[in-house]
There are 2 protein chains.
Amino acid sequence: MVLTVRDHELCALLVKRGEAPFKGYWALPGGFVRPDEGLAEAASRELAEETGLRAQTAPGQVLAGQNPFGAHLEQLATYGHPQRDPRMRVVSVAYLVLAPDLPSPRAGGDASSARWAPVSELFGEDRNDGELLAFDHGQILADGVERARSKIEYSSLATAFCPPEFTVGELRRVYEAVWGVVLDPRNFHRKVTGTPGFLLPSGGTTTRQGGRPAQLFKAGGATVLNPPMLRPEA
Amino acid sequence: MVLTVRDHELCALLVKRGEAPFKGYWALPGGFVRPDEGLAEAASRELAEETGLRAQTAPGQVLAGQNPFGAHLEQLATYGHPQRDPRMRVVSVAYLVLAPDLPSPRAGGDASSARWAPVSELFGEDRNDGELLAFDHGQILADGVERARSKIEYSSLATAFCPPEFTVGELRRVYEAVWGVVLDPRNFHRKVTGTPGFLLPSGGTTTRQGGRPAQLFKAGGATVLNPPMLRPEA
DNA sequence: GGAATAGTGTCTCTAAGACATTATTTG
DNA sequence: CAAATAATGTCTTAGAGACACTATTCC
């Protein structure tokens with residue numbers, strides 16, 4: 001499953017199923033592992049086929065990786081309930097991709113059958129239509145969103161949602177979108193710039209948000225944040 | 001894979017392979033999923049068959065669960081490198097079990113082919129013999145140990161290593177064994193007794209450690225610790 | 001008594017949260 | 001000019017770490 005932040009909202013990539021079962025339902029993109037490829041390799045290949053995005057694990061890393069584009073890919077969980085597919089026993093190894101805002105989804109050339117769905121529309125308070133995803137993909141989506149929400153607390157993974165260069169304000173809006181909260185800009189700025197290895201000044205400035213020009217940063221090498229960025233309580 | 005704490009050390013359950021490939025090597029216990037059972041169900045069944053321990057996920061919980069015995073079972077990760085088994089393509093869904101100290105391992109009736117191995121002997125500084133596990137089980141073990149080490153930071157999962165009733169000192173020794181550090185008893189006591197929902201006084205006291213009698217506790221309902229129990233840095 | 005463990009209290013310092021204030025752009 | 005965003009600074013308070021000290025058992 002692919003998550004991104006668009007228009008200040010956390011969004012998941014969905015594709016419309018063209019065949020039974022669950023024909024016409026929205027589902028998470030996926031496919032089958034080839035006999036001679038690894039699991040992460042297969043996830044990366046399917047992702048490229050369906051969205052054109054390149055994300056792959058670093059060699060030797062079993063569970064997670066970061067690619068040159070900044071997109072992040074990691075194994076989420078494996079789902080194997082005997083009746084999760086009405087046709088036959090299917091075991092799915094779900095992978096989670098965190099990507100910067102992408103131009104537009106294109107599902108194997110068929111643009112009408114793919115979309116970015118705000119996760120707040122799929123579950124939570126804003127859910128107005130009770131739309132259900134195919135198979136157990138609602139559960140997989142919920143697990144992936146929770147993984148993303150908790151992982152940006154104690155890692156620098158939120159930068160995977162940002163373009164190669166970004167401002168502190170843009171990074172803050174990522175946190176706000178993923179957590180669905182409002183953060184104090186001043187305390188946030190002090191926190192992220194004060195955490196060694198989180199942000200690396202790239203020298204430039206930008207004014208694309210209006211207002212005073214903001215300093216541009218790249219993701220620093222740090223992967224673990226200590227102390228963590230605490231998610232505000234309910 | 002099953003982890004426990006014995007003699008102030010974090011230990012993993014290993015079984016000796018009686019057949020090729022890797023005949024005579026130590027390996028993590030495991031087995032095959034039956035056509036009509038779930039993944040966690042299969043892990044729970046194999047565990048009971050090989051050790052007599054009962055651990056199962058609570059119904060509806062996909063990723064983790066807690067059973068009446070206090071043993072905890074959760075999905076760890078899935079390993080599917082094409083050449084991880086020299087015979088054929090095998091995809092393994094690893095489950096992690098955290099259990100209190102068990103009487104003695106018995107592997108399907110054959111006691112000589114199962115043992116509790118301190119993880120410090122399998123990797124890390126203390127590793128004196130360079131013993132290797134079968135297949136990629138060394139990697140799986142490392143991933144499981146890291147999961148346990150990080151998870152007791154922000155959850156009450158350390159109680160899964162304890163008997164149903166335990167003292168603050170026993171819980172502290174669990175943290176010390178899993179992290180391989182020494183903690184201040186006074187600060188630890190203040191921290192765990194001050195975290196609401198972590199510990200529930202059971203009324204009794206015990207003197208099994210010598211010294212002044214200690215109050216006995218049960219695991220409280222809390223699963224998430226906020227603020228977390230911080231692991232001391234290197 | 002001495003050794004061991006349990007439990008409470010006190011001090012310091014880091015860092016989070018709640019603000020004020022100044023700086024620099026666009027409209 | 002006003003409005004928006006960026007960046008820095010100040011105050012308060014919660015909580016972690018480093019201790020001293022008392023309590024209660026077994027030997």
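Chain letters run A, B, ... following the sequence lines, proteins first, then strands; residues in each count from 1.
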For A:Asn226, enumerate each residue passing the side-chain contact (heavy atoms from CB on, under 4.5 Å) test, keeping only those at least two apart in sequence or located in another chain. B:Glu233

Is the Lys NZ or Arg CZ of A:Arg115 less than 6.0 Å from the centre of A:Trp26's six-membered ring, within 45° of the axis? yes

Closest-nucleotide mapping onto DNA chain D: is A:Arg173 or B:Leu230 further toward the 5' terminus? I mean the 5' end. A:Arg173

Quick one: list whatever passes salt bridge (charged side-chain N to carboxylate O under 4.0 Å, His left out) with A:Arg190, sequence neighbours left out. none

Any residue in residues 183-204 of chain B with a heavy atom nearer than 4.0 angstrom to DNA chain C? Just list them by number, or reply none. B:Arg186, B:His189

Ignoring backbone atoms, establish whether A:Arg172 has a side-chain N or O less than 4.0 Å from OP1 or OP2 of D:dA6. yes

Once you round it to whole Å, what is the distance between [atom2] of [N] and [atom1] of [X]?
X: B:Leu225; N: D:dA16; atom1: CG; atom2: P; result: 11 Å
X: B:Met229; N: D:dG15; atom1: CE; atom2: P; result: 13 Å
X: B:Arg212; N: D:dT24; atom1: CZ; atom2: P; result: 6 Å
X: B:Tyr175; N: D:dA16; atom1: OH; atom2: P; result: 12 Å
X: A:Leu216; N: D:dT5; atom1: CG; atom2: C1'; result: 14 Å
X: B:Leu171; N: C:dG7; atom1: CG; atom2: C1'; result: 16 Å

Sequence neighbours excluded, which residues qualify as side chain to side chain donor-acceptor pair (under 3.5 Å) partners of [X]?
X: B:Arg186; answer: B:Asp184
X: A:Glu165; answer: A:Ser202
X: A:Arg173; answer: none

